[in-house]
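Take a look at the structure set out below.
All of these numbers come straight from a predicted model, not from anything done at the bench. Letters A, B, ... are given to chains in the order of the sequence lines, protein chains preceding strands, and every chain is numbered from 1.
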Amino acid sequence: MREVAIVGVGMTPFGKHPDRSLIDLMLEASHTALMDAGALETPIEAVHVGCMASGMLCGLENTATLLADELGVKPQTAERVENSAASGGSALLSAYLAVASGLYDVVLIVGGEKMRHLPTPQATRAIAAMTHPEGERPHGVTMPSLAALLTRLYMRRYGLTRRQLALVAVKNHRNALSNPYAHLRRAITVEDVLSSRVVAEPLRLFDCSPISDGAAALLLAPLERALEFTDQPVVLRGVGQAVDRVMMTERDDPLTLHAVKEAAGRALERAGVSIDEIDVVELHDAFTILEIVESEDLGLFEKGRGGEAVEEGLTAIDGERPINPSGGLKARGHPLGATGVAQAVEITWQLRGEAGGRQVREAERGLSCNVSGFAANAVVIVYERGW
Amino acid sequence: MGVHLKASRCRLCGALHHPPRAICPRCGPGSRGSLEEVELPDRGRVVAYTVLHYPPEGYPSPMILAVAEVGGVRLIGRVVGDLEAVGEGCEVEVVEGEGAPYLFLLEG
Ligand SMILES: [Zn+2]
């Protein structure tokens, strides 16, 4: 396997884009990534699109070929990867395999979703399509309700407080203030979280990531050719993926996200590093509880310690274990298929030292964790400076 | 009137599944043909619950969703009846429901 590097990145601001189509958003992110890599004239051999539900949300399929057509490239491969909310991470993984194997050299990855044009009940229904079709959906199960049930179980076993949970949202909103691409750029307090409307007890509106439009893109090349495009290539040092039972109720212990744990173990092992050597983490905080549980399952904190870690400031940008300097899904926003790609874009900026006011000091190694379903599938990637 | 839901039981490892399955996820593809149909009891106990204020279209708001342990299987379902009385550990009856495979009835 060859070493693979990110040589160009781009994204649209996440948020509301009422006047723009999904393809238009993907086009902007892609063009920005190609410009970033100085690759506007370079033949692109493959286009991998991560998008969960263009059919349900936008009445559009065939997205990858359409994007290639609009972008004016003529790749050998153009395809869309669907892995629900980890479609972006999975698209990155399949593109990585294409380059690592030697099949292709220059591959574009684009994650995108357009969701805001639908009324919230319809968008919620599209998102709930990732729940179990017989065991969950007919009962009215939504993603927030699963997160709420997990929160109840977690609070009872580990004594997590409502305030600790709120502090995840407070931190991520604070981080997003210095992220021009973030959907929610507004500082909030614990009181704001605790007085926001109840979505699914004990979770409130500010515990949940917003519904967002947006796209993000990456250009990959083999490390041996990376300097043709950039003097700061970011190496994909290790990748890992794992699956768990779809229904939370069928997991032996729902308080451990085994997909996250196993995917992280695989990615770190392939990278040959321990979690203690990771300087910055972008993880999948679709709900505040998920940041806490994932931080433990990635190995950053002991099981049950995630809430205290937030309270002690360990996960802040200047803490020992910075998590989601971008603002995370909570504040950067969560256009489903775009998220996994946006995480890689953020880690690239962090390792290059281009993250401005949210820069983690001397970040040399990063990790991203993108999950699908209710953490039934996880993609974890370890990144390292390649210069 | 309680209902006895049909579940599947793996003859290889004893695991119960609801909804019923053709293959036991613990034992893998080789377990096809080794599952039998069993009936679950019509009573269970709430393990965790949430009050959902933004349910999907067509569902009442607020509505209570609970995970209940029913004869060794954890099921997720809507709670009906005396909603004030809901709590972790309380007993529910599994009943037929309109628009749902079953409901959890809570008697006050
Ligand atoms: Zn079995």
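Note that the CD atom of A:E296 and the OH atom of A:Y158 stand 7.0 Å from one another [nearest 0.5 Å].
Cation-pi geometry between A:K330 and A:F206 is met: the NZ or CZ atom falls under 6.0 Å from the ring centre, inside 45° of the normal.
Interface remark: of the candidates B:P19, B:A100, B:A15, B:P19 forms the most heavy-atom pairs closer than 4.5 Å to chain A. Taking chain B as the reference chain and counting heavy-atom pairs below 4.5 Å, the highest number among A:V199, A:T142, A:T151 is found for A:V199. Contact count versus chain B (heavy atoms, under 4.5 Å) is highest, among A:E136, A:H132, A:R156, A:R125, for A:R156. Note on A:L150, A:V141, A:T120, A:T124: by heavy-atom pairs under 4.5 Å with chain B, the leading option is A:V141. Heavy-atom pairs under 4.5 Å with chain B were tallied for A:G135, A:P138, A:G140; the largest tally goes to A:G140. For the set B:V67, B:V47, B:T50, B:L103, the count of heavy-atom pairs under 4.5 angstrom toward chain A peaks at B:T50.
At a heavy-atom cut-off of under 4.5 Å, chain A is reached by B:P25, B:R26 from residues 24-42 of chain B, listed in order of number.
Contact annotation for B:V73: neither backbone nor side-chain heavy atoms come within less than 4.5 Å of a heavy atom of chain A. The contact between A:R251 and chain B is made entirely by backbone atoms, counting heavy-atom distances below 4.5 Å. For B:Y59, the part sitting under 4.5 Å from any heavy atom of chain A is the side chain, from C-beta outward, and nothing else. For A:R137, the part sitting under 4.5 Å from any heavy atom of chain B is the backbone (N, CA, C, O) and nothing else. Looking at A:L146, the atoms closer than 4.5 Å to chain B (heavy atoms on both sides) all sit in the side chain, from C-beta outward.
Side-chain atoms of A:C58 and A:H117, non-hydrogen and from C-beta on, do get closer than 4.5 Å to each other. Within the 4.5 Å cutoff, the side chain of B:I64 has no heavy atoms near those of the B:L52 side chain. The side-chain heavy atoms of A:L290 and A:L257, taken from C-beta on, include a pair separated by under 4.5 Å.
Checked by atom type, the side-chain pair A:H334/A:S212 shows no donor-acceptor distance below 3.5 Å. Under 3.5 Å, the side chains of B:E93 and B:Y102 contain no donor-acceptor pair of N or O atoms. Between the side chains of A:H284 and A:N370, at least one donor N or O sits under 3.5 Å from an acceptor N or O.
Under 4.0 Å is where a charged nitrogen must lie from a carboxylate oxygen, and between B:R45 and B:E91 at least one such pair does.
Across all their heavy atoms, A:R162 and A:L194 have their closest contact at NE-CD2, 3.6 Å.
Considering A:K261, A:R305, A:K303 as possible partners of A:D297, the one that fulfils the salt bridge (Lys or Arg N to Asp or Glu O under 4.0 Å) test is A:K303.
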